[in-house]
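Some notes on the structure that comes next.
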Amino acid sequence: MKKVTYLFFAIAFSLMILSIVPAKAQCAMCTAAVESNSKSGNHATKGLNAGIMYLLAAPYLAVTVCGYIWYKKYRRKNVVLDMHNEKLNLN
C-alpha cells in the first residue's frame, strides 16, 4: 500500500510540474507603469513579472517547509499495538 501511495504522489507531483503555464501577475498600476516604461525603451517588464512571481511563491514555500518539519517531528515511530484477542466494548 505504501508503494501505491508513493507512486500516486510521484505521478501527481510530476503532472503538476509538467503542467506549468506561464502567468502574468501584475496589478493595474504596475502594468501601466511598465507599459509606459517599455514604450520609452526600458526592458524592465520581464524582471518585474519574475519578481512578482517569486513573491507569490514565497508563502507557499514557507507553508510547505513548515508542514514537512511538522510531519517529520510529530509522526509516530515504532508504535506497538499490543491487542489481545478480547472483545472490545465500543459503547
Using a 4.5 Å cut-off between side-chain heavy atoms of Ile, Leu, Val, Met, Phe, Trp and Tyr, which other residues end up in the same hydrophobic cluster as Leu7?
Ile11, Leu15
Between the CG atom in Leu18 and the CZ atom in Phe13, the distance rounded to the nearest 0.5 Å is 10.0 Å
Which residues, ordered by chain and number, are linked to Phe9 in its hydrophobic cluster, where ILVMFWY side chains connect at heavy-atom gaps below 4.5 Å, directly or through other members?
Phe8
